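The structure under discussion appears below in the form of structure tokens.
All heavy atoms count here, side chains included; hydrogens, waters and symmetry mates do not. Computed from a predicted model, the values in this text were never measured in an experiment.
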Amino acid sequence: MIARGEHHTTERRLLPPRRGDMDRRIAERRLELIELDEDRRTQAERRQPSDRRRPIGRRQEGSVHHDKLVLLVVSDQDNEARAVRELLEGGAPDRFVVAAVAPPAALARLARGGVDVVLLAMPLSARRGFATFTELRALAPGVPFLFLSDADDERHGLEAVRAGAQDFLVRGDLDGEHLARALRHAIERHRLHAALLDLALVDELTGLYNRRGFLNLATRDLRVARRSDETLLVSFADLDDLKQVNDSAGHAVGDRALRDTAALLRQTFRESDLVARIGGDEYAVLVRHAGPESAGVLAERLKRHVRDFNRRAGRPYQLSISLGFAAHKASTLGSVAGLLDRADQALYRDKRRKQTPSS
């Protein structure tokens, strides 16, 4: 990255298609590179929180308080949703809309969105109950889950809460008012928990996830990807010569270069890909459903975006970003951290190529 002094404008791209199976979990709110003066643009970029993925299944913030809450009842029993609906009509009329779905169709229903809370009316003693919960929660961590059981089983109730459920309800103890209150409280607890997670998992400077957030979400992605034997691709990116910019133009300008790099990575990868700043001038991206040509296509796309940015952006530097990729079948991958290390090694091979004079 070389300091310079020309001034141009930025260009945005249309994002490529998202993954067909999910829009998923926490979502990334992109830095909007709008035409503002330098100070206002800096404030706008830093003010945007990063959500990486708009939470799957969950409606937009604000609609919860004005519209009916959508409760999704997941059960093998056809009459379960009817019983829940009757309870809520007696205890909280006109407050909930109850939708029903069998466990095999629950993933697809959640992926369509528009769900505020999920009630799993399935026996926890059966492995299928926990397996369904784990799969659904991996898809939609932005949605709170509660279990509804026939038995007051403290052991299974504790297991459910430890696994991430908001509550374990016993059918015989419920009336409509109690159920409505439990559902509303679950939604609010989950929202507060998500806000706290953002503080722990998000990089304040760029709005991307930090290293902890990346490894946390990538590990969830790996568990889901193993079921369909997807190929996972990890990209390791490094902002070249950041120290030179800090030394010559100051750390405030260096911070802007880091935010510009984050924006370019968002532009290059899909909204559903997991983009993170994992420390200093280093970034990582996890791509699911990767194909044999994905690495080459993404590398060329980033080069094009960096070239256009340097020509148009009007920064006192030129960005240069090195990339390394590593891919592996999810079914035989031990950990995302190992794949990240391989991508890091590929990154340094890319750096050495840049430093080697061409003959």
Side-chain angles (χ1 to χ4, degrees), residues 1-10 28 30-31 33 37-39 41-48 50 201-215 234-269 274-286 295 298-326 337 340-358:
M1 184 167 54
I2 304 169
R4 69 184 185 96
E6 300 163 2
H7 292 266
H8 302 283
T9 58
T10 65
E28 261 174 19
R30 301 183 298 274
L31 290 174
L33 298 178
D37 61 79
E38 190 72 8
D39 292 335
R41 187 186 293 175
T42 300
Q43 293 170 4
E45 288 172 352
R46 296 193 65 176
R47 192 166 52 241
Q48 290 282 357
S50 161
L201 304 181
V202 172
D203 173 50
E204 181 181 2
L205 178 66
T206 63
L208 300 177
Y209 283 100
N210 58 24
R211 187 182 189 91
R212 178 185 296 176
F214 178 82
L215 292 175
V234 166
S235 173
F236 204 111
D238 183 278
L239 174 58
D240 299 326
D241 301 322
L242 176 62
K243 185 177 184 301
Q244 179 181 335
V245 173
N246 285 333
D247 292 345
S248 62
H251 286 273
V253 176
D255 286 349
R256 169 164 285 283
L258 290 167
R259 293 195 296 274
D260 286 338
T261 301
L264 286 170
L265 291 172
R266 284 188 176 112
Q267 289 180 344
T268 299
F269 291 86
L274 176 58
V275 185
R277 178 186 174 216
I278 58 174
D281 54 6
E282 296 177 335
Y283 301 78
V285 185
L286 178 71
L298 290 167
E300 287 303 315
R301 186 183 297 164
L302 180 61
K303 286 180 183 177
R304 184 172 67 252
H305 290 156
V306 170
R307 185 172 58 248
D308 291 345
F309 177 88
N310 286 332
R311 188 175 67 250
R312 297 169 175 267
R315 299 288 193 262
Y317 47 75
Q318 284 196 317
L319 291 181
S320 173
I321 302 172
S322 296
L323 274 181
F325 291 94
L340 189 61
D341 288 341
R342 285 170 46 196
D344 190 18
Q345 295 169 18
L347 166 75
Y348 279 95
R349 289 194 293 271
D350 183 44
K351 279 185 169 292
R352 284 195 294 271
R353 280 194 298 269
K354 287 182 177 181
Q355 294 166 0
T356 301
S358 55

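- Going from atom CZ of R342 over to atom CG of D344 covers 12.5 Å, rounded to the nearest 0.5 Å.
- A donor-acceptor contact under 3.5 angstrom links the side chains of Y317 and D260, judged on distance only.
- At distances below 3.5 Å, not a single donor-acceptor pair connects side-chain atoms of R266 with backbone N or O atoms of F269.
- The heavy-atom pair separating T268 from R301 by the smallest distance is O-NH1, 2.8 Å.
- Shown here for A299 and F325, the closest heavy-atom pair between the two residues is CB-CE1, 4.0 Å.
- In this structure, D281 and L258 approach most closely via the heavy-atom pair CA-CD2, 4.0 Å.
- In this structure, CG on L201 lies 7.0 Å from CZ on R212, to the nearest 0.5 angstrom.
- Across all their heavy atoms, V234 and A343 have their closest contact at O-CB, 3.6 Å.
- No donor-acceptor pair under 3.5 Å is formed between the side chain of D241 and the backbone N or O of Q244.
- Heavy atoms only, all atoms of each residue included: I321 and A237 are closest at CG2-CB, 4.0 Å.
- Atom OH in Y209 sits 16.0 Å away from atom CD1 in I278 (nearest 0.5 Å).
- The distance from the CZ atom of F214 to the CG atom of D203 is 14.0 Å, given to the nearest 0.5 Å.
- Taken from OG in S320 to NZ in K303, the straight-line distance is 10.5 Å, to the nearest 0.5 Å.
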**Request:** Decide yes or no on side chain to side chain contact (heavy atoms under 4.5 Å, CB included) for Y348 and R352, but give the supporting numbers first.
**Result:** CA-CA 6 Å; Y348 279 95; R352 284 195 294 271; 4.1 Å; yes

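- A pairwise comparison of heavy atoms in A262 and T206 identifies CB-CB, 3.8 Å as the closest pair.
- In summary, of the residues considered (L298, L323, V275, L340), a side-chain contact (heavy atoms from CB on, under 4.5 Å) with S235 occurs for L323 alone.
- Atom OG1 of residue T261 and atom CG of residue L239 lie 4.0 Å apart, to the nearest 0.5 angstrom.
- The pair K351-D240 meets the salt-bridge criterion, since a charged nitrogen lies less than 4.0 angstrom from a carboxylate oxygen.
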